Structure formats: structure tokens, C-alpha cells
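Heavy atoms only: backbone and side chains are in, while hydrogens, waters and symmetry mates are out. Keep in mind it's a predicted model, so treat the numbers as computed, not measured. Throughout, a chain's letter reflects where its sequence line sits, starting with A, and its residues are numbered from 1.
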Amino acid sequence: MTRHLKVDERAHRDRLEEMVQGVIGEPLDRPEGQLKVSGRAPYAMDDLPEGCCHGVLVRSTIAKGALAGLDIDQVVALPGIRAVVTDKRLTKNPAQGMAGKAPAQGPEDIIYFGQPVALVVADTFEQARHGAQILGRRFEAESDVALNPDDPNAEIETPKKKQSSMGDLDKAIREAHFAIDETYTTPGHASAAMEPHASVASWDGDKLTLHGSYQMLHFNRAELADALNIDEEKVRIVATYVGGGFGSKLGIAPEGVAAAIASKQLGVPVAVAMTRQNVFEMVLRRSETEQHIRLAADEEGRLTGIGHEALVSNVPGEKFSEPVTQATPFLYRGENRVIGHRIARIHRTPAGSVRAPGEAVGLTALEIALDELAVASGLDPVELRLRNIPDKDPSQDIPFSSHTLAEALMTGADRFGWKTREPKPRSMREGEWLIGLGMASAARVNMLIESKARVTLARNGSALVETDMTDIGTGTYAVLTQVAAEMLGLPVSRVQTRLGDTDLPPASGSGGSFGASSNGTAVFLACEEIRRQLCERLECDPDELTLKDGHAVVGNRRIPIDEVMGGKDIVAEGHVEPGDAEDKVRQATYGSYFAEVAVNAVTGESRVRRMLGVFAAGRILNAKTARSQCIGGMTFGIGMALTEELIHDRRDGHIVNRDFAEYHLPVNADVPQIEVVLLEERDPWANPLQAKGIGELGICGAAAAVVNAIYNATGVRIRHLPATLDKVLSGLEDEDQS
Amino acid sequence: MTPFHFSRAASPGEAARLGRDGATYIAGGTNLLDLMKLEVMTPDRLVDISRLDLGGIEATRKGGLRIGAMVCNSDLAADRTVREDYPVLARALLAGASGQLRNKATTGGNLLQRTRCYYFYDTAMPCNKREPGSGCGAIGGVTRLHAIFGTSPHCIATHPSDMAVALRALDAEVEVENADGKTRTVPLGDFYRLPGDTPHIETTLERGDLITAVILPASAGALQAYRKVRDRASYAFALVSVAGVMRIGKGRIEATSLAFGGVAPHPWRDASVEQMLKGQEPSHELFAKAADALVANAVTHDGNAFKVPLLKRTLTAVLAELTGAKQ
Amino acid sequence: MQTQLQINGRGYALNADPRTTLLDALRNHLGLAGSKKGCDHGQCGACTVLVNGRRINACLTLACMHDGDEIVTIEGLGEPGRLSPLQQAFVNHDGFQCGYCTPGQICSATAMLAEIEAGWPSNVTQDVAGAPELTPEEVSERMSGNLCRCSAYPNIVDAIMDVAKGKRT
């Protein structure tokens, strides 16, 4: 039986609150933790089948043109080489999230430097790697190719649907008591999940099984099937453990399609792992952004207008464009508003989703601008934000489903000791180090995505949760187990969760922070159906049934659950779909960041000394994994603020720093103890769990808190991220001279 | 990685003979294998020298220290004598790489590290160091990591070692054995070559030469400092580094040696700057003058011009630290 | 070529291309896939294993150079139900999320504590000639060769400090 829910209305009951098992929200250890810490959790490449060959992708070394030829014979003659695969179905780039169909195919037409053009397959990895390296490639390069967003020949699209305005911003700026008009830039970013993209393909007749590292399996299945031109039913994707995603594994990627083609062609299993350099060059990057922000405020610091106009980039033909201004329409008040969005069509590695597309960079720039307004108006940055919280969505004239920004700001200020901050820059110094405090708001839109899950309450009183949902480190194994345990009144040790297999009911997948709440709701619905059937057996009203510690309690009867089962399993499916609720209210998550940063007065090096994040995301399903997600997001913010930058060579569009030595992810020493406070909240509009997404909230503006702290420490305003020491130093030199 | 023949040398002499015949030595392998995987380096014969009896750190008769070529970076940094008498060396070693890499990387291998220039590392790019005559990709490209001293129109790459910068400030010598079994010592100042028009030739070593040890003279000054400036708090190459060794007597700088990393094709020293400081009373004016003199001949590109003020400021801070002068 | 390897107390005969790194030997030839490949260039630490008690990047060393060495991988440190104290502390403190860098983190931490015990200084040790103290700052610096994109860093430091303090008391 399937319990279906289309979320059109607010939840009128808080069902989880009515449960008594007491595990929901608890900071329980991850159920798969022991496997992970002992090296026994199998990731995509960890269990190679007998006789598996290895494939290595070969890249283009021009940005635009045609592949004129490959010196295949020379490579095939090498020992161990099985094939050089040049199939026209090879994909140029990964599919965008939730595409559900094949991305651009055809390796002979080159649209970016680093694009895969062939796969070399050999008996061993060493043979394949060498073959891929020496494979001679001849290209016909086009001249006058747009490589940089500011190249004069870059076509700039201004999609009508992505522009909006209300009131008269120009007038608001003219009449403003305080105004800010600045341009901010953020560079391209890499998701840089620790596990490189990897796929192992094997065929049984016309049926393909692909062990891959992917986030959204039923979409990936459709994308892979479409790329191969076969039926979806013939494709199974398994991704039991995924070594991080952050958006980079939303869509089927070139290695997956290539492995499947090669395996079919050769009749043996084929494993293809991208090298780290491949990952940098072939996996969707976060677009660089240029953001023109205008703020108009009255003498009390109340915003009367906001302009946020962004320029992003992508290769021609890709629909995705970084939704920079996603939170701008609703975060702050202001009757006059301009939202602009332009896309430069250039030949760089295609752009796509990287953790919190939109807010991660858009809110960061907006929150730096707010800090500039605080300086201009002489208002405390927290107070400035408090004065500008709207009481309904100012762009759509609809209410908020819940709103916790004020509480997050005040709680954070209190916990961090914000009132000790000296607003004047360069007020705190410890030896060579200038110390500053900075803060920013956090906000991220909340989404619900169609999801299914199956729950079996077995005759022995244990439960099994099954869905093709993935756990990319987000805590899915933990939270789905907890939802089922709570609803069915079982200790978590009696609930098992199976994930990551397209043979199981299709889930939302992991992306956009919607995984836990969407799929958790599907599990919840399945459990509700099981409870209904238990009530039938027990001949009681649903409200009379209490499930706890493996027992059903009805009135004065307390019966072990296995006795209720009567030798039969109950199997139920939950199915949730988004409905009208999302149009009736504005749903979002909110929070605040506070950072203390030390800037070296000699060298301009910036180091974050402590950081606090306060977040509200509806009901928290597991306080431990939620906290970890927030720490992870804030660390992305530290990287964005200080070190992370995809550097392209402007002359040919190639990524210069395509490894971890030169693309600087934060290391342990860059990250201080980070404090996370999770506010108590329920959002009945979100879903019956009243839980919202938390996986991305931690990055949405975090970098601004760091950059604003640098200003407070030094008086140097960084508008072009990252705040590497050369930029800070240049400001320090100016300050020293003035 | 190109296929290679692998063998293990039983003695330094055998290694040197194999080296003379064209084999490439592998010891820690942390840089060599990194580059071989990318086919930036493509040796067809590897000779394993990691098990040669070239370890050990011992006092020399002249009051210095002899460090075996196979001593790994972590053992060298943890050595009691190094920590007490050559803290600049311990500091430089500990500022470099990671705990894992320092456990493998050897003293000899560290000296022979190749540049981290992005264009050297990408075989699709021109690079005169990797492929003589192909051009320099960095010039006109991304030059954040690149040198401001000692460059040529053919190459602007830096030497990435921290250890070598400290050794240069300590006036270390490199002990080399050749295929004929002859041993000689080369001052570190004569060990590296500037790129000129042959950036692929990085040292004065001859084919078959095998580094057997590094020899430190008696410590030239109790005041020692190593300062590394980089993008991350740890595990990143130097944008600029300064190693300083100093002796002060009667309120004056009696002797100092200063070496600079991240700014040149090899650990950089500037005798005129040291001369300027010698015999002087430490003062901010003096340090500023020295810093100006140091960068007087710097040649910069768009991406690395920041190294000039950065180097000046870092040198000034190191001199202040060494002399105890307040900032 | 033939190499005899001693891994987790057991002998293995490896017959592989000399180009095979220790990491690829473990993962592709010997069925020990606990050690992970994150970058293959010594820039992430996911492949960290212990060789003769010391942590190294298994991706940057040839398998054929390790005959006779005592190698310990994550599989040799503990298993579900019999975790090492560090492995257990990582679970308790949520010292991981996706878990991919985790075997490397734990191998690295295991050897790192021995390095502190042996008195090795680090880049953040105030007195390079003195004995290092066990502080979160020391642990962070010494663990900086192990990247974690999920950023469990604060939790990793907590987990290690827990175990280290337990050892010292």
C-alpha cells in the first residue's frame, strides 16, 4: 500500500511530536559509522569485479574547435591496451542536476579545454593511464573564441524571465540618506569532493549495472540510459556510499557513460575513475560572478531599495546559470528593487551546481554590501539587519512560512560576545595580528522534491527502510533510520536503512538541501500507512495507538510488536510530492554567522580564529549530523573567503590550478573550533516532518562574515574574493601610508 | 607514467654508475612519482637508492653537522642537534609539506625538487624546463607563484623547497659522489644554476653524480628564524619565505646571512644586503634600507608584483625578530 | 615484477607492473580498498597508511620499494565491533561525513600521536627544541596533510584530543 501526500497545505498536526520513542532529533551516531572508520564501507571503486579493465579519460587541449584525429594505432599497440573508445555517445560534460536526460554528447566537437575526447581501456590502470597520456590528438582550433566573461566577443544573454524590478530604484538611490553602489566578484569554485568521480560498469546481456559515485540515482539512471540510447529499465545504478558530492555528482558524468560504453564494447567490466585533474577540468564548476549591488537606506538605516545585478557564465547550450540573486527578493525590506541576471557564453569548463548554487555567492556579496551600509550609516551590523527584516515576502506579497532571522541574529550576537566589538577598524591588535569581528545573515530557499520510500515492518519486529536515496555524507542513513524508529516505536538498532540502488523506490536524491526532508517525509508516510494497518489488526483508532520500544500500547494492553505482526510482514510505500504550499508561502531557512579573524599586519595573511553559526531549519532530525553539515558549510565559506579560486589562463581558457596543491581547500589548520547553535523551530508548511534543509545553509553568506571581519580588523574592504594576502596587503600598504 | 626498468642499487657506487648510464634515482619519490604520473618526467630506468647506507646525522670534526642524503625530512627536523643548534633548519622543514610527505622526502631529494610552476606541471602547455625550446607558458600567463629574481626570458619558475632556503642561510655544502667513486663537496650557493637559456638544467651536478650528504658548518649565529608566507595556514608552498641567521655583539650585527624562498629559481641570497647590515646597529631605518636594496633589481609580472612589498615586509619583520627590535 | 609485502601482519605476494603504487597495489591487487585515492599526488592524504610505524602517502610510493616493510592499513587498525580507540572516537565525535578521507585521517592520526609521544616538534611548536604540548592547535597543524572537504576538522580534532588525553592520564 502506498500513502501519498501532495503538500498543498500546512500540516495541522505535528505527528512526530506525538510519538514517544524519543529518537527523532537526537544526536545519534551514524549507523554506518563503524564501516566508514574501519575502511569497510564500499565506495564506487572499492569492489572491482573479477577481470575488470581500467579506463582513463583523454582530454581536449583546445577550448573550441574540432577533434580532427586520434593516433589510436600507436596506443593500441602498447601492452595491455584493450581499446581506445571514441564512441559518439561519449559525453562532453556531466548532466545538470535533475536533467533526467543525456548531457551534450559527441567528443569530436570541442567546447572547452579539458573536455573528454576518448577513453583508453587496458588490463591495468597503469597501462591505461600511460596510453591516455600519449594518445596523439589533432585538433582544428577555432580562432577568436570567447574564453573570459569580459572578452568583447563573449555573447551576453539577458534572459527576460530572470530580470525583475519593482518601484523605482534609481529614484530610491537618489533620495537615499545612505547609499551603497559597488561591484563585487567571486571566482569559479570547485566542489572538490574527496572521492573523484568513478564508475564501474558491467553488463549482463542487455542489462547494465553501474557502481558509481552519484547523488541522484533515478535521474542518473535516466540520463545514462538516454546517453546510451537504451531503456531505463535496463539500467541499474548502485551508489551505497558516496565520497562527497556538493553538487558535482548530481548528473551523470563522462566517466559513467564511457565506462558503460567500453564495458559493452569489450564484454568485460570496466572501471573508470577520473584523475583529480580530470575532476577539475571535466566536472561542472561554480561560475565566477560579477555582482553589481546597490542599496538605498533612509536615515534610520531602513532599506528603501535593493539592486542586485549579476553576470555569470556558462558554455553555449547549457541551461543552468548560477542563480546568484535567489535570496535577494525576500531577505530584506525595500519597496524598490532591481534583480538582474546576465550570462556570458564562454568556452570554459561548463558551470553547474556547487553547494548552495545562488546564495553561496549571491548572499556573500549582498552581506558584504550590508556591512558597507553599516559602516556608512554608523549602525551596528546586527542592528542594521534587524531593522530590515520584512514581515512578509516583499516581492511576492505572500507570508513567510516561518521566520527566524531575528532570533538567529540576536542569539548569535549574544553567544559570540558581539557587543565587545569595536566598530572602528584596527582597534584590536595582538602583536603582529590585527583582530576583527564580522557577521552576516544566512538564508537559503527551502525545497521539497518528489520522493518515494518503502518501509517493511517485519514479522520479527524489525524494520527496513528502502529507497534509492543517497548518503553523500549528509547523514541520510542516520535520519531515515530515526524517522522510521520514531514512527514505529523501535530502538534504532532494530531499524535498517538501505540506500543507493535504483532497484529501490526512487527518491529525491541528494541535492538542494531537500534530501532529508523530502525523503524523510516519504519514510514518514510509509510508516503512517504501517501504523494504520497495525490499528486495523489491533482494532483501535489511530489516536489510541502508541508504539514504543518494540511494543504496541493500546489502552491498557501492551503487546510486543512481533506478536501484533502475526507472522506477516507489513510493507508500505510513502510518496510525497510538492504541491501548492510552496506558492502560498515563502519558505526559507535562516541563520547568522559570526567570525573572529586575525590578519597579519606584516604579510596580509588572514586566519579565522573562531566562528559561530546559528541556524534554524525547522525540526532537526539528528542534531549531530545537522551540526556537522553546518560546520562543513561554514568551512566552505572560509575557503570561499580566503583561498578558493579556480584560475583560468585568459589566453586559452585552461584551468591552471587543477590539483589540490594549488586549488586551496581549507586544511585542518585553517579551520578553528566552529560553534553551531541550532534553533528550535517547526515549519508546518514545509512537510509533515516540519523539517527543512540544512545541508547548504551553512555556506550561504558565511564568507561575508569572514570578509567583514577582515574589514573590522584592518580597514581594508575586500570586494573581490578570495581575500588572498596580496589583496589584503595592497590595502594594508594604502592604510599604512594614509 | 611511462614504463621503466626498476632496480635497486647495492652501493652508492653502483647507483652512481647506473646514474651515469642514464638511470634516474628514486629515494622518497614524493616529487618524482608525482611528476612521472603526469609524464612531466619520463625516466625509462629507475634505480632505488632508498636503502643505501646514506642515513645518519653526525657531528663533523669542524663542529658542524653531516646529514646523510637519505635522512628523511621528519627525522632531520626532530634531530636534537638540529633543533638546538640549527633551529632555522628545523623550522623550515616543519613549514614544508605534510607529516606524511616529510616521512618520505629525503634530504637529497628535497634539494632536487622541481618547480611547482603550473605550466611545468601541465604537459599541454609550453615549458622550456620540461621541453626545451617549447617556450614559457607562464610569461604572459598566471604568475602568482613565480620568481622576481634570477629569471630569464625563458623561465620564471621558482624553487619550491623550504629546507634548501634554510640550508642556504646556513652555508651548507652538498657532498657528491660520482661514478668513479670520487667525492667532492659543492657549496649550496654553487649547486643550483640560474635558468638562462637552459632552464631544464637546474644544478651543477653531472650525470652519475649522487648526493651522499649535506654538510653544515658550525652554526654561524645563535639567532635564527624562518618565516614562511603562504595562502593556507599549513600545507601550501611559500609565496615568500625568509631564513635568517644572525650574530649580535655589543649592540651591533656582527654577521648575518639571509636566504629567500619563493622568489627565485633557487634559494636566493644577496651579499650586498648582508654587507649593508653588517656592523650596524639594528634599527627600522636600517631594515627598511636593506629591504629596499634587496628588491631593487626585482623583475615582476602582473601576477607576482605583490611579492615585492611582501618580501620587503617579511624581511623587515624577520630582521626585527632576530634582533629583538620592536615592530 | 614480484614483491613480497607484509600487510596487517599477513604476507602477500604481489605480481604487478613496477609502475604500481603502493596504493594501487592495495586497492586493485590485494583487495584492501580501505585506503582511498583522492588525488593520487600526495595532496590530500586519503591514502595514508603506516609503513614501519610511520604515516606516508601510499599514492606516492612504488609497491616494489616496500618488500620487507611492515605495512598497516585502516583494515589493520580495527574492524566493526573491534574498533581502535581512535576509530571509536571518530564515530562518537562525528569526525567524518562522507567517510572517504576517513581511513587516511585515522591512519594519519594514529601515527601522529606517536610522533608527539616521541617529542617531534611541529610548525606551531613554540620552542622547537622543547617537548611539544598536546593542544588542539598542534593536532590541527599535524593533521593538515589530510584534507576533508566535508570539513569534519573540528570534530576530528576533538576525537583525537579525546584519545590522546585518555592515553596521557
Side-chain angles (χ1 to χ4, degrees), chain A residues 27 29-30 32-43 45-48 54 124-127 129-130 191-196 241-246 273 275-276 471-475 624-625 627-629 631-636 659-661 665-674, chain C residues 16-17 19-20 24 27-28 32-41 43-44 46 73-75 77-81 83 86-88 90-92 94-103 106 123-124 136-137 139-158:
Chain A
D29 294 344
R30 293 168 197 261
E32 81 286 12
Q34 295 220 7
L35 292 175
K36 284 180 173 172
V37 298
S38 64
R40 266 83 172 179
Y43 297 80
M45 285 281 283
D46 288 358
D47 192 10
L48 297 180
H54 290 261
T124 70
F125 168 63
E126 291 74 21
Q127 293 161 340
R129 178 177 56 191
H130 178 54
S191 288
M194 294 312 298
E195 180 194 23
Y241 294 97
V242 178
F246 315 109
T275 64
R276 181 52 63 183
D471 188 332
I472 60 172
T474 39
K624 184 179 279 193
T625 56
R627 174 177 172 271
S628 291
Q629 283 284 290
I631 291 173
M634 288 162 77
T635 304
F636 260 69
D659 63 25
F660 285 153
L665 303 181
V667 297
N668 200 317
D670 289 306
V671 181
Q673 281 300 315
I674 291 178
Chain C
D17 190 315
R19 290 174 288 183
T20 310
D24 289 325
R27 293 181 53 80
N28 296 346
L32 292 165
S35 307
K36 300 294 185 254
K37 185 184 282 191
C39 73
D40 219 9
H41 287 270
Q43 299 161 356
C44 79
T73 68
I74 190 68
E75 290 93 341
L77 291 179
E79 57 189 275
L83 297 179
L86 268 170
Q87 287 172 321
Q88 186 59 53
F90 269 63
V91 173
N92 299 346
D94 215 26
F96 56 91
Q97 294 199 62
C98 80
Y100 197 76
C101 72
T102 312
I106 292 173
N123 188 48
V124 298
E137 191 195 9
V139 170
S140 280
E141 160 61 24
R142 291 165 191 264
M143 291 300 293
S144 284
N146 291 86
L147 301 187
C148 172
R149 183 53 153 171
C150 300
S151 193
Y153 295 135
N155 296 346
I156 289 169
V157 173
D158 285 348

Undergrad: Please round to the nearest 0.5 Å and tell me the distance separating atom NE2 of A:His54 and atom CG of C:Asp24.
TA: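 It comes to 8.0 Å.
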
Undergrad: Just by distance, do the side chain of A:Arg276 and the backbone of C:Gly38 share a donor-acceptor pair under 3.5 Å?
TA: yes

Undergrad: Drop me the distance from C:Arg149's CZ to A:Leu665's CG, to the nearest 0.5 angstrom.
TA: 4.5 Å

Undergrad: First locate atom OG of A:Ser38, then atom CD of C:Glu75, and finally report the distance between them rounded to the nearest 0.5 Å.
TA: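 Here the rounded value is 8.0 Å.
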
Undergrad: Do you know which of C:Asn92, C:Val124, C:Thr102 has the most heavy-atom pairs with chain A at a distance under 4.5 angstrom?
TA: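 Highest number of heavy-atom pairs under 4.5 Å: C:Asn92.
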
Undergrad: Most heavy-atom pairs under 4.5 angstrom with chain A, which of C:Pro103, C:Pro154, C:Ala16?
TA: C:Pro154

Undergrad: Going by the salt bridge (charged side-chain N to carboxylate O under 4.0 Å, His left out) test, name the single residue among A:Lys624, A:Lys36, A:Arg30 that passes it with C:Asp94.
TA: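 Single pass found, and it is A:Arg30.
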
Undergrad: Is C:Tyr153 reaching over with its side chain to a backbone N or O of A:Ile631, donor-acceptor style, under 3.5 angstrom?
TA: no

Undergrad: What part of A:Asp471 lies closer than 4.5 angstrom to a heavy atom of chain C: side chain, backbone, both or neither?
TA: neither

Undergrad: What part of A:Tyr241 lies closer than 4.5 angstrom to a heavy atom of chain C: side chain, backbone, both or neither?
TA: neither

Undergrad: Of all of C:Asn155, C:Asp17, C:Val139, which one pairs up most often with chain A through heavy atoms under 4.5 Å apart?
TA: C:Asn155

Undergrad: Starting at SG of C:Cys148, measure out to CE of A:Met194 and round the result to the nearest 0.5 Å.
TA: 7.5 Å

Undergrad: Heavy-atom pairs under 4.5 Å with chain C - which of A:Gly244, A:Ala192, A:Gly245 has more of them than the others?
TA: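 The candidate making the most pairs under 4.5 Å is A:Ala192.
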
Undergrad: Just by modelled atom types, is the C:Gly81 backbone N or O under 3.5 Å from a matching donor or acceptor in the A:Gln34 side chain?
TA: yes

Undergrad: Taking all non-hydrogen atoms of both residues, which atom of C:Ile74 and which atom of A:Val37 are closest, and how far apart?
TA: CD1-O, 3.3 Å

Undergrad: Counting only heavy atoms closer than 4.5 Å, note whether A:Met634 contacts chain C via side chain, backbone, both or neither.
TA: neither

Undergrad: Considering non-hydrogen atoms only, spot the tightest contact between C:Lys36 and A:Ala41 and give its length.
TA: NZ-O, 4.2 Å

Undergrad: Using non-hydrogen atoms and a 4.5 Å limit, figure out which bit of A:Pro42 sits close to chain C: side chain, backbone, both or neither.
TA: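 Neither; nothing under 4.5 Å.
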
Undergrad: Flag this pair as yes if the NZ/CZ of C:Arg27 is under 6.0 angstrom from the six-membered ring centre of A:Phe125 and inside a 45 degree cone about the axis; otherwise no.
TA: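 Pair C:Arg27/A:Phe125 does not count as cation-pi.
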
Undergrad: Between atom CG of A:Leu35 and atom CD of C:Glu79, what is the distance when rounded to the nearest 0.5 Å?
TA: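 Answer rounded to 0.5 Å: 11.5 Å.
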
Undergrad: When you measure from the side chain of C:Gln43 to the backbone N and O of A:Phe660, does any donor-acceptor pair fall under 3.5 Å?
TA: yes

Undergrad: Examine whether an atom of C:Ser144 lies under 4.5 Å from a heavy atom of chain A, and if so say whether it belongs to the side chain, the backbone or both; otherwise answer neither.
TA: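 Contact with chain A: backbone and side chain both.
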
Undergrad: Is it the side chain or the backbone of C:Leu83 that comes within 4.5 Å of chain A heavy atoms, both, or neither?
TA: side chain

Undergrad: Considering only heavy atoms, which portion of A:Ser628 lies under 4.5 Å from any heavy atom of chain C: side chain, backbone, both, or neither?
TA: both

Undergrad: With chain A as the partner, which of C:Ala46, C:Gly95, C:Gly78 has the greatest number of non-hydrogen pairs under 4.5 Å?
TA: C:Gly78

Undergrad: Taking all non-hydrogen atoms of both residues, which atom of C:Tyr100 and which atom of A:Gly243 are closest, and how far apart?
TA: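 That closest heavy-atom pairing would be CB-CA, 3.8 Å.
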
Undergrad: Could you check which of C:Thr20, C:Leu86, C:Ile106 has the highest count of heavy-atom pairs closer than 4.5 Å to chain A?
TA: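 Top count of heavy-atom pairs under 4.5 Å with chain A: C:Thr20.
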
Undergrad: Check whether A:Ser191 gets within reach of chain C through its side chain, its backbone, both or neither, counting any heavy atom under 4.5 Å.
TA: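 Just the backbone, heavy atoms under 4.5 Å.
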
Undergrad: In terms of heavy-atom pairs under 4.5 Å with chain A, which of C:Gly34, C:Ser140, C:Ala33 leads?
TA: C:Ser140

Undergrad: Return the minimal non-hydrogen interatomic distance between C:Ser151 and A:Gly632, and the atom names on each side.
TA: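 Nearest heavy atoms, C:Ser151 then A:Gly632: CB-CA, 3.9 Å.
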
Undergrad: Looking only at heavy atoms, which two atoms of A:Gly33 and C:Phe96 are closest? And how far apart?
TA: CA-CZ, 3.6 Å

Undergrad: Considering non-hydrogen atoms only, spot the tightest contact between A:Asn668 and C:Val157 and give its length.
TA: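 For A:Asn668 versus C:Val157, the nearest heavy atoms are OD1-CG2, 3.5 Å.
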
Undergrad: Between atom CG of C:Asp40 and atom CZ of A:Arg129, what is the distance when rounded to the nearest 0.5 Å?
TA: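 Rounded to the nearest 0.5 Å, the CG-CZ separation comes to 6.0 Å.
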
Undergrad: In terms of heavy-atom proximity below 4.5 Å to chain C, should A:Ile472 be classed as side chain, backbone, both, or neither?
TA: backbone

Undergrad: Checking heavy atoms, do the side chain of C:Asn146, its backbone, both or neither come under 4.5 Å from chain A?
TA: neither

Undergrad: Is there a donor-acceptor pair closer than 3.5 Å between any side-chain N or O of C:Lys37 and the backbone N or O of A:Glu195?
TA: no

